[in-house]
Amino acid sequence: MASRKKGSLKSTITVAMSNYLEAGSIVAGAGGLSLWVEYLSLDDKLVGLLGALSANGFGAAIGAFLGGILVDKYGRKFIYKYDLLIYMLGVLMIALSFNFPMLLTGYVITGVAVGAAIPAAWTYIAEEAPDKERAARVGWGQLAWSIGPAITLLLSVLLAPLGLLGSRLIFGQLFVVALITWILQQQINESTIWEEQKKKEAVDKAQGKVEKASIKDLFTNKANQRAMILLIGIYGFWNLVAGTMGYFMPFIYETVGGLTSAQANLLQAFLWILTVIATYVIFIRLGDKVNRKLLFSIGALMGIAAWTILTFGGMGIVELLLFVSLWGIAAGFGAQAFYGLWSAELFHTKYRAQAQGLMFFVARIGVGLISLVVPIMISTLGFKVAGLIMIAFLVLHMVIGVLLAPETRGKSLAEIQAERYGDEEEKVPAIKKISN
């Protein structure tokens with residue numbers, strides 16, 4: 001592959017701002033959940049439905065699947081022309097909601113927009129990163145993802161005296177930030193790697209040997225199969241826990257731990273601040289220098305320890321502080337950060353984004369399903385049973401990561417692609433495959 005000019009850190013941060021907005025919208029919904037429950041007299045089923053169809057569940061799943069296909073076909077920059085416009089419509093509807101159908105519709109629209117931007121963001125950042133700084137650049141996306149909830153929850157605490165109006169104002173600020181971000185994103189360049197891939201495909205087409213990427217390839221190609229087992233394994237199981245926390249944790253602190261809404265949001269804000277610090281100090285600074293399997297394993301063990309303390313130690317102040325400290329630090333260099341990195345490194349350029357979209361779809365469908373039952377599960381089976389289920393998910397994600405994690409430090413995406421697909425691509429017959 002031809003040499004290229006690497007993308008600037010400014011472009012990386014501009015794209016990463018989508019992550020700020022995405023995570024911020026999830027946590028804004030979580031921070032104000034008890035207020036909406038009281039205002040609209042919602043029962044456990046409706047609370048679960050909000051979580052399932054939001055940016056934390058099915059809405060994001062659908063958006064990611066469609067976004068991945070569009071981003072591979074029309075370019076990484078394509079999604080940024082429209083995505084945040086849809087996002088702004090969604091958060092505005094939430095901010096102005098006066099009944100459950102309007103609130104739910106706003107959640108769904110926001111969720112679809114959030115999901116659609118995910119494959120574009122991780123793919124663009126990794127493709128434009130210098131080869132020896134790819135983890136660091138992907139880390140900026142994770143950093144933005146962490147800052148969004150931290151700021152949103154702090155605003156929830158500051159605006160708590162305003163009640164539901166405070167929650168509406170938080171969604172209002174997301175609208176303003178989204179508008180500024182959308183303007184900035186119109187100025188970024190297209191991914192050079194994607195442009196080179198399309199030029200190569202044009203030459204191949206002229207020679208009558210086009211190899212079109214299809215969804216089917218993700219399941220039949222051995223390199224893709226190995227990558228998907230690793231990534232769905234670590235991110236899918238981890239995200240069942242993190243997704244539950246992202247939307248329901250303040251609700252759990254209040255209903256199970258007896259905290260006030262302000263206390264619950266302040267505790268979660270502290271957790272996310274720790275995640276911001278750990279992302280920078282550990283993942284951004286060390287991700288390109290230290291064995292990645294080692295970093296992943298340490299983070300996974302810390303996450304398991306956090307949930308063990310919360311499940312069996314109760315929700316006293318000491319246990320809660322230990323929980324948020326362990327989980328908050330671990331999340332800074334945990335499964336999501338490595339998912340963002342490895343999902344870009346381990347797939348061929350021609351279906352890198354749609355692979356990410358498909359995997360994120362699977363992960364968010366899982367979160368959506370568990371969100372339907374989390375409130376009912378806690379109220380009927382008790383929190384200890386729910387905690388044991390979360391611990392089991394975390395153990396599974398750690399085992400898969402430890403067994404299958406690759407070592408790709410310092411290699412270019414072209415080198416990784418040649419290692420994983422080189423032999424198979426040479427065997428492709430010079431005929432046009434039918435694309436699904």
Side-chain angles (χ1 to χ4, degrees), residues 14-30 32 49-125 141 144-145 148-149 152 167-188 190-191 243 246-247 353-354 356-358 360-361 363-365 367-368:
T14 299
V15 170
M17 280 302 297
S18 288
N19 288 357
Y20 169 93
L21 293 164
E22 290 148 15
S25 65
I26 294 173
V27 176
L49 189 62
L50 276 177
L53 296 178
S54 69
N56 204 40
F58 298 144
I62 294 169
F65 183 77
L66 296 175
I69 295 173
L70 293 172
V71 168
D72 273 340
K73 186 173 183 179
Y74 297 110
R76 311 326 190 192
K77 185 180 176 180
F78 168 82
I79 206 74
Y80 297 118
K81 293 181 181 179
Y82 313 104
D83 183 70
L84 286 183
L85 297 177
I86 299 172
Y87 177 93
M88 284 186 275
L89 173 63
V91 295
L92 188 62
M93 285 190 69
I94 297 172
L96 300 177
S97 287
F98 55 85
N99 58 34
F100 182 74
M102 186 175 180
L103 181 66
L104 183 62
T105 302
Y107 270 53
V108 172
I109 292 173
T110 304
V112 171
V114 163
I118 293 292
W122 295 122
T123 299
Y124 184 92
I125 291 172
W145 184 281
T152 300
S167 181
R168 295 182 189 275
L169 290 174
I170 290 169
F171 279 100
Q173 68 88 23
L174 288 174
F175 177 92
V176 174
V177 175
L179 177 60
I180 296 170
T181 302
W182 180 80
I183 293 171
L184 293 173
Q185 288 180 347
Q186 305 317 297
Q187 303 170 28
I188 65 173
E190 181 56 86
S191 162
Y247 192 79
Q354 62 183 299
Q356 289 191 35
L358 177 63
F360 197 83
F361 173 84
R364 283 304 198 216
I365 286 293
V367 173

Look up atom CG in L21 and atom CH2 in W182, then write down how far apart they are to the nearest 0.5 Å.
14.0 Å
Rounded to the nearest 0.5 Å, what's the gap from CZ on R168 to CZ on F98? Could you check?
9.5 Å
M88: which of I109, T110, L179 passes side chain to side chain contact (heavy atoms under 4.5 Å, CB included):
L179
Looking only at heavy atoms, what is the nearest atom pair of S167 and A28, with distance?
OG-O, 4.4 Å
Any chance the side chains of Q185 and S18 put a donor and an acceptor closer than 3.5 Å?
yes
Please examine the side chains of I62 and R364, heavy atoms only from C-beta on, and report whether any two atoms are closer than 4.5 Å.
no
From CD1 (I94) to CZ (F175), nearest 0.5 Å
12.5 Å
Drop me the distance from S25's OG to F171's CZ, to the nearest 0.5 angstrom.
7.0 Å
Tightest non-hydrogen contact, residues L84 and A178, listed as CD1-O, 3.7 Å
If we only count heavy atoms from C-beta on, is the S191 to T123 side-chain gap below 4.5 Å?
no
Can you list the steps and then say if F100 with L50 is a side chain to side chain contact (heavy atoms under 4.5 Å, CB included)?
CA-CA 9 Å; F100 182 74; L50 276 177; 3.7 Å; yes
Identify, with sequence neighbours excluded, every residue that meets ring-ring contact (aromatic ring centres under 6.0 Å, His included) alongside Y82.
F78
About how many Å separate CG of L184 and OH of Y80, when rounded to the nearest 0.5 Å?
12.5 Å
Looking at every heavy atom in both G29 and Y107, which two are closest together, and how far apart are they?
CA-OH, 3.3 Å
Measuring from L70:CG to F65:CZ, what's the distance to the nearest 0.5 Å?
10.5 Å
Under a 4.5 Å cut-off applied to non-hydrogen side-chain atoms, are Y74 and I79 in contact?
no
I need the full list of salt bridge (charged side-chain N to carboxylate O under 4.0 Å, His left out) pairs touching residues 74-83, with sequence neighbours left out, sorted by first then second residue.
D72-R76, R76-E127
How close do G67 and P119 get, counting heavy atoms only, and between which atoms?
C-CG, 4.4 Å
For residues E22 and N19, determine if any side-chain heavy atom of one lies less than 4.5 Å from a side-chain heavy atom of the other.
yes
M102 to M93 - nearest heavy-atom pair and separation
CE-O, 3.7 Å
Is there a side-chain contact between Y87 and L174, using heavy atoms and a 4.5 Å cut-off?
yes
Of all heavy-atom pairs between T152 and Q173, which one has the smallest distance, and what is that distance?
OG1-NE2, 4.2 Å
Measure the shortest side-chain to side-chain distance between M17 and I180 over non-hydrogen atoms and say whether it is less than 4.5 angstrom.
no
